[in-house]
Number of protein chains: 2
Amino acid sequence: MKEGPDIAQIGALIGDPARANMLAALTGGRALTATELAAAGGITLQTASSHLSKLESGGLLAQRKQGRHRYFTLADEAVARLIESMMGLAASRGHLRHQPGPKDPALRKARICYDHLAGDFGVRMLDSLVATGSIDAIGDGLAVTAKGESDLQCIGIDVGSLKSSRRPLCRSCLDWSERRAHLAGSLGKALLANFMEKGWARRMPESRSVMFSTEGERQFLKLFPLET
Amino acid sequence: MKEGPDIAQIGALIGDPARANMLAALTGGRALTATELAAAGGITLQTASSHLSKLESGGLLAQRKQGRHRYFTLADEAVARLIESMMGLAASRGHLRHQPGPKDPALRKARICYDHLAGDFGVRMLDSLVATGSIDAIGDGLAVTAKGESDLQCIGIDVGSLKSSRRPLCRSCLDWSERRAHLAGSLGKALLANFMEKGWARRMPESRSVMFSTEGERQFLKLFPLET
DNA sequence: AGAATGCTTCGGTTACGATCGAAGTATGAA
DNA sequence: TTCATACTTCGATCGTAACCGAAGCATTCT
């Protein structure tokens, strides 16, 4: 007993519903202010402030002062991955929270996961990239092939420059709604950014869901065909 | 807000120190009785009983009645992975709990992680397998090569039969003490079992640490050389 | 300077859950 | 049958932390 690092501290931080809601909101990747997070957690600003300082000193959040605002983000990608994997486990154990509302299908179709595309569309994209030989997959490991590198160049993504970053290029991320992997890492981020630049997709305010325009969806589906 | 599965329930389950200690103890892979878990959590049997029923109905534990004992294990490998990744995060945030005692170095050298070898030795083994071309690594993904398959056959591990199981053959698992990957999956399990069969290593009671005999350690280091 | 916004700190209340003693159930041993 | 072990349930206590109102800083706007 008493072996290894203390997981109870982290568990307790995530274990409070208000804090969990705030963390989930931050999984959207946007930096949010204390006031916005208070709303996300369903609590007053005072209470949120106390929670936020706990989360920060616990190492789960980072903050950035900007004028009279204080912006919070998840401390790093490791935290985002932990939250996502807890969502995966929670979903598989039936710990659901939402009365399936109108927003839910949109969320399952396409949503943002920290900084990349998730949901049905995210899973489809990775499936297609693997099927067309743009990405090699070994277990959970992903790597861009030479073919993939040139294909992506055509879309307008320079894989070479992404490689130089410290962050891994490809990473698989388990999707809690689809229970299958989608593409994370700097390439996943670049792809989503690319879609938004082209006007194919845009983020919905106050939500993690990503809306595709009619034309954008057409282009997306054409670009990432699904061979059955 | 209120999007997705409820991570707070799972967080809260892990967030209590007594429960966290019990879960950490179960990461040792052994099935433990309620009495043993009460000791691991540092609480009385009554309290442990209440915690255990919560953990079970929360889907984190599975239990098996056997005579008048009730054996608990982690519900599945997904739970084990979550606990391990929380340990990794906790370690990186400096949420340590142990005053570095005599047991600690042994734990860092070689310990059990659910059912496979972790710690310095676990990391070294994977490094060596990759360096000698027995395992291909792409990012976090691992796959046994043809060479690896025949090499492992020589040690006494039939990769072919492991492949037929539903469980993935190779999986990388982040080591909280080394902060690097070691080998999990059915192959990781088979390798550790192989070492113990040969008498190279044995588990210490009441602990996650794995002790190598002098001769066992010599053989292990020879079998998994480290080219620097 | 004065006013407004964004956030933190303080103080006091409240509620939940962790805890254990004692009693109850189930299984196995004598 | 009786006793012992392994565990659960009940009941009561106690501590902690979540919560909000009010007041206090800090920054920006006018």
Side-chain angles (χ1 to χ4, degrees), chain A residues 1-2 6-26 30-73 95 97 206, chain B residues 1-2 6-26 30-73 95 97 206:
Chain A
M1 63 216 96
K2 298 253 178 140
D6 188 8
I7 56 175
Q9 289 184 39
I10 294 193
L13 283 174
I14 304 178
D16 178 79
R19 286 195 291 259
N21 285 333
M22 295 194 276
L23 288 168
L26 286 169
R30 284 199 179 105
L32 298 175
T33 64
T35 309
E36 290 170 320
L37 287 167
I43 47 179
T44 63
L45 184 57
Q46 303 92 295
T47 310
S49 178
S50 143
H51 283 311
L52 288 169
S53 70
K54 283 173 193 169
L55 286 169
E56 198 201 353
S57 65
L60 297 187
L61 291 188
Q63 60 161 307
R64 209 175 59 221
K65 287 188 72 167
Q66 205 167 92
R68 59 182 156 182
H69 294 275
R70 186 155 294 201
Y71 285 96
F72 291 87
T73 56
H95 295 306
R97 185 179 43 172
E206 313 269 326
Chain B
M1 62 221 90
K2 299 256 177 136
D6 189 7
I7 57 175
Q9 290 185 39
I10 294 192
L13 284 174
I14 303 177
D16 178 79
R19 284 194 293 257
N21 285 334
M22 294 194 278
L23 288 168
L26 287 170
R30 284 199 180 104
L32 298 175
T33 65
T35 309
E36 289 169 319
L37 286 167
I43 48 179
T44 62
L45 184 58
Q46 303 91 296
T47 309
S49 177
S50 143
H51 283 312
L52 288 169
S53 70
K54 283 174 192 169
L55 286 169
E56 198 202 354
S57 65
L60 297 187
L61 292 189
Q63 61 161 307
R64 208 176 59 219
K65 286 189 73 167
Q66 204 167 93
R68 58 183 158 183
H69 294 276
R70 186 156 293 200
Y71 284 98
F72 291 87
T73 56
H95 295 307
R97 186 180 42 173
E206 313 270 326

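Convention: sequence-line order gives letters A, B, ...; per-chain numbering from 1. If you're wondering where the values come from, they're calculated on a predicted model, not measured in any experiment. Computed over heavy atoms, backbone and side chain alike; hydrogens, waters and symmetry mates excluded.
OP1 or OP2 of D:dC20 lies within a sub-4.0 Å distance of a side-chain N or O belonging to A:Thr44. Remark: A:His51 is in phosphate contact with D:dC19, judged by side-chain N or O atoms under 4.0 Å from OP1 or OP2. The phosphate of D:dT8 has OP1 or OP2 within less than 4.0 Å of a side-chain N or O from B:Arg70. Checking the phosphate oxygens (OP1, OP2) of D:dA18, a side-chain nitrogen or oxygen of A:Arg19 falls inside 4.0 Å. Between A:Lys65 and C:dG6, a side-chain N or O to OP1/OP2 separation shorter than 4.0 Å is absent. Distances shown here put every side-chain N or O of A:Thr47 at or beyond 4.0 Å from the OP1 or OP2 atom of D:dC19.
Using a 4.5 Å heavy-atom cutoff, the side chains of B:Leu13 and B:Leu23 are not in contact.
C:dC7 atom P lies 9 Å from atom CG of A:Leu52, rounded to whole Å. Taking atom CD of residue B:Glu56 and atom P of nucleotide D:dT9, one finds them 11 Å apart after rounding to whole Å. Regarding B:Gln63, its CD atom lies at a distance of 10 Å from the P atom of D:dC7, rounded to whole Å. Between the P atom of C:dG28 and the CD atom of B:Gln66 lies a distance of 10 Å, rounded to the nearest Å. Between the CG atom of B:Leu45 and the P atom of D:dT8 there is a distance of 7 Å, given to the nearest Å. Across the protein-nucleic acid pair, A:Arg64 atom CZ and C:dG6 atom C1' stand 16 Å apart, rounded to whole Å. Put simply, NE2 on A:His69 is 18 Å from P on D:dA26, counting in whole angstrom units. Atom-to-atom, CG of A:Asp16 to P of C:dA18 comes out at 13 Å; the value is rounded to the nearest Å.
Between atom OG of residue B:Ser50 and atom CG of residue B:Leu45 there is a gap of 11.0 Å, rounded to the nearest 0.5 Å. Put simply, CG on B:Leu61 and CG on B:Leu37 are 8.0 Å apart, with the number rounded to the nearest 0.5 Å.
Considering only side-chain atoms of A:Gln46, the nucleotide from C:dT8, C:dC7, D:dT8 that sits closest is C:dT8.
A:Ser50 comes within 4.0 angstrom of no nucleic acid atom, judged by non-hydrogen atoms across all strands. Here A:Ser53 lies out of heavy-atom contact (under 4.0 Å) with every strand.
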Begin from the C-alpha positions of A:Ile43 and A:His51 and carry the test side chain to side chain contact (heavy atoms under 4.5 Å, CB included) through to its verdict. CA-CA 10 Å; A:Ile43 47 179; A:His51 283 311; 3.6 Å; yes
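A donor-acceptor distance shorter than 3.5 angstrom exists from the side chain of B:Arg19 to the backbone of B:Ala12, with no hydrogens or angles considered.
Each of A:Arg68 and A:Gly42 was assigned the nucleotide of DNA chain D with the nearest heavy atom; the assignment lying further toward the 5' end belongs to A:Gly42.
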